[in-house]
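What follows is a short report on a single structure.
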Protein chains: 2
Amino acid sequence: MAEIRLPKARRGRPRQAEVARLAGVSQTTVSLVLSGNKQGIALHPDTRARVLQAARQLGYAPDPAAQRLAAARNDLLGVFSFTATFPTDVAHSYYPILVGVEQEAVARGYDLVLFTGSSSAPARAGRADALDRVRLADGCLFLGRHVPADELRRLVEQGYPAVHIGRRDELDSLAWVGADYAEATAEVVRRLAALGHRHVVLVCETDEALASTDRERGFRGALAQTGLTGEVVRAADPAAEITGEWVRSQLAAGVRAFVAEETDTCAAWRALLTAVEDAGLTAPADLSLALLGAPPADLAHLPEPTGFDVPKAELGAAAVRTLTALLTAGAADCSPLVPCEFRPGRTAGPAPHP
Amino acid sequence: MAEIRLPKARRGRPRQAEVARLAGVSQTTVSLVLSGNKQGIALHPDTRARVLQAARQLGYAPDPAAQRLAAARNDLLGVFSFTATFPTDVAHSYYPILVGVEQEAVARGYDLVLFTGSSSAPARAGRADALDRVRLADGCLFLGRHVPADELRRLVEQGYPAVHIGRRDELDSLAWVGADYAEATAEVVRRLAALGHRHVVLVCETDEALASTDRERGFRGALAQTGLTGEVVRAADPAAEITGEWVRSQLAAGVRAFVAEETDTCAAWRALLTAVEDAGLTAPADLSLALLGAPPADLAHLPEPTGFDVPKAELGAAAVRTLTALLTAGAADCSPLVPCEFRPGRTAGPAPHP
DNA sequence: TCCCCTGACTAATGCGCATTAGTCCGCGGC
DNA sequence: GCCGCGGACTAATGCGCATTAGTCAGGGGA
């Protein structure tokens, strides 16, 4: 039942003015010394030393809010992820991205601030709605499909430096970085072709997401390029449509390679695995399977799927690079597509001869 | 290779002054209308409506940095967790706390900002070191044992509202909330007493942490209270010291109940389980076991240990309550101890008659 | 000797907002 | 007919800092 009391006559934190008084100089000089004197004004080393000493003695630390207001910068980068709560859970799929973000940000001298869309907060009039908080930082990374488009648009239109992680097309003038799903998918098809496959089927959920259409595009492109034949199956309910029987019929039609798309649920991949098992077949002996992405954690005990990995840390780092380019140069023209790495895995093999 | 360019002639975000011009009022009036007019200055409804309309039309959103500077508040609460990069292993145990923090914060009209100790950033002179970033927020929660004590002390001494999650004694005048390990441990002992046990042994690692000494205190207190006899065994290397043979010797001495402390590794509990198995015994038939905390995830397949659960979400919520009390009243006297809940589990039972 | 220049600083200003002291107008009271 | 008063606002100020214009003393050069 201890009582903690804030000092009422707020001794408060020291400001530059106090440091200045102690060092016997002006507030301007303190600012000059402490903020690196970018305009190259001549300063005597002794003065500099006195100021630094005084600052240390008083435990001075700049107020980031004031810095942001005065200089329009405070070297903070925001990360906004629109999830229920902070994505600090290791199991969270955003986590590896954040690791890359942090490394790159630190390397470039920025600190990070995380925001989340705290969903339920009633938007009072005149109150910053969720997205506007990010203005505390010099620029912000946005993560996830559910970032409200209209608020984001306003932010961007008002000139706020923002970079979206994951391809985002609705808003031009919104910078983004994304994984190159099309090329990665094409590579998987080429590998299958190299293994002797002539017919490939891609199984997807019915999904309008760019990540999905990108894969389909890469798939079709690679078919054309390699001369394979193939087909895209979009199933509203993969578990119901992708059955053992379906697999058999495909085999009868000469298909020996199946590719599934990775999604949140991985429903297509799961359905495919189940169907193959139901059909009494095994990969890669009887047929080849590939997953366009990484398998979900709960399937970690199964043989590693052939497919590709999204370099999530690299994605985060690329986003930071783009954002800092925006901040320092006012523009960014680095390629927003990050290549994925092919994963040989153990579910695809040479096409069995008929 | 798209080129994203920030508007150079920065059309920028609208400020209150622009809204004021459009609405034909003064900036003061805009501020009054939009920030809720807490000083109760009379305003004509029409004026109010015009201002709101203008604000909406321009897409006005307040600058949180300016708000913080002018009003010394922006209704943001910080959460600082000190880990090298985004928490990897600890993250898991913090996560439920964050959930509680977020719920309570939202309920009280605060938004959250998350900071992490990005350790490695070279501390430039005059640059805010990691902890000082939290000043962007009105107050901050600190999470974890590794928050640097000296920086935290400075923050607190300068009157910054801070609450530590987890007991923290070195700094008086630092508010904290923590789980009531002592009482929870005492309850476990009482339950064992009620089951007919007369002798209880507590197995710990050698640990100076408060969480550990609190448990020991609760244990000894409950022994005295119930009239049981007991002993505390602190093992530097539990796996080596807590053996099947050791268990047998304890049994020979009349002990039928063993209690282990929960730690990061849960070494004591693991050692105990192994030792009991080595001795060819089973709980709760031959003896009773209790764990002072929650079992680690990798032991989830075993029978649920008797013991107690730390209400992590509640802990987070309590921390937010304490912090907001600090913010609004300038002081907090709510009890910082959050009670734990007894978990019957399936490893403790009636003491076998000799 | 006078002037200009350079080095080492400081005064003043403004960022966008909240707040504190007014200001001004209309109306009821005496 | 003048005063006072409350309603509806606005002017001015300052938060803590960065930045832009100075200021001032001393040292050549002509």
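Labels below follow one simple rule: chain letters A, B, ... track the order of the sequence lines, proteins then strands, and each chain is numbered from 1. Because only heavy atoms are used, hydrogens play no part in the values below, and waters and symmetry mates are left out as well, while side chains stay in.
Nearest to the side-chain atoms of B/T29 among the listed nucleotides D/dC9, C/dC17, D/dT20 stands D/dC9. When the nucleotides C/dT10, D/dA8, D/dT19 are ranked by their closest atom to the side chain of A/S31, D/dT19 comes out on top. With D/dC15, C/dC15, C/dT10 as the candidates, the nucleotide lying closest to the side chain of B/L69 is D/dC15. Considering only side-chain atoms of B/A70, the nucleotide from D/dC17, C/dA18, C/dT10 that sits closest is C/dA18. Here the nucleotide nearest the side chain of A/I41, chosen from D/dC9, C/dC17, D/dT20, is D/dT20.
Scanning atom types as modelled, no donor and acceptor separated by under 3.5 angstrom connect the side chain of B/T47 and the base of D/dA8. Side chain A/T28 to base C/dA11: a donor-acceptor pair is found below 3.5 Å.
For the pair B/D75 CG and C/dA18 P, the computed distance is 11 Å after rounding to whole Å. In this structure, B/R50 places its CZ atom 14 Å from C1' of D/dT10, rounding to the nearest Å. Atom CG in B/L34 sits about 13 Å away from atom P in C/dT19, given to the nearest Å. To the nearest angstrom, P of D/dT20 lies 11 Å from CG of A/L32. One interatomic measurement links the two molecules: NE2 of B/H44 to C1' of C/dC25, which rounds to 15 Å at whole-angstrom precision. Rounded to an integer number of Å, the gap from A/D46 CG to C/dA8 P is 11 Å. Taking atom CG on A/D132 and atom P on C/dC17, their separation rounds to 11 Å, with Å as the unit. The distance from atom CZ of B/R68 to atom C1' of C/dC15 is 17 Å, rounded to the nearest whole Å.
Side-chain polar atoms of A/R135 and A/Q158 form a donor-acceptor pair below 3.5 angstrom.
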When the side chains of residues 23-34 of chain B are checked against the rest of the protein, which donor-acceptor pairs come out under 3.5 Å, sequence neighbours left out?
{"residue": "B/S26", "atom": "OG", "partner": "B/T28", "partner atom": "N", "Å": "3.4"}
{"residue": "B/S26", "atom": "OG", "partner": "B/T29", "partner atom": "N", "Å": "3.2"}
{"residue": "B/S26", "atom": "OG", "partner": "B/T29", "partner atom": "OG1", "Å": "3.1"}
{"residue": "B/Q27", "atom": "NE2", "partner": "B/Q16", "partner atom": "OE1", "Å": "2.9"}

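A salt bridge is absent between A/D46 and A/R48: the closest approach of a Lys/Arg side-chain nitrogen to an acidic carboxylate oxygen does not fall below 4.0 angstrom.
Each of A/A66 and B/A42 was assigned the nucleotide of DNA chain D with the nearest heavy atom; the assignment lying further toward the 5' end belongs to B/A42. Map B/V30 and A/Q27 each onto its nearest nucleotide of DNA chain C; the residue landing nearer the 5' end is A/Q27.
Distances shown here put a side-chain N or O of B/Q67 below 4.0 Å from the OP1 or OP2 atom of C/dA18. For the OP1/OP2 pair of C/dC17 and a distance below 4.0 Å, the side-chain nitrogens and oxygens of B/R13 include at least one atom meeting the criterion. Side-chain nitrogen and oxygen atoms of A/Q16 include at least one within less than 4.0 Å of the OP1 or OP2 phosphate oxygen of D/dA18.
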Between B/E104 and B/R321, does the side-chain contact (heavy atoms from CB on, under 4.5 Å) criterion hold? Intermediate values first, please.
CA-CA 8 Å; B/E104 189 72 19; B/R321 285 195 293 272; 3.4 Å; yes
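For residues 49-63 of chain A, the set of pairs meeting the salt bridge (charged side-chain N to carboxylate O under 4.0 Å, His left out) definition, not counting sequence neighbours, is empty.
Counting any heavy atom pair closer than 4.0 Å across all strands shown, B/V25 reaches sugar-phosphate atoms only and no base atom.
To the nearest 0.5 angstrom, B/L326 atom CG is 12.0 Å from B/C140 atom SG.
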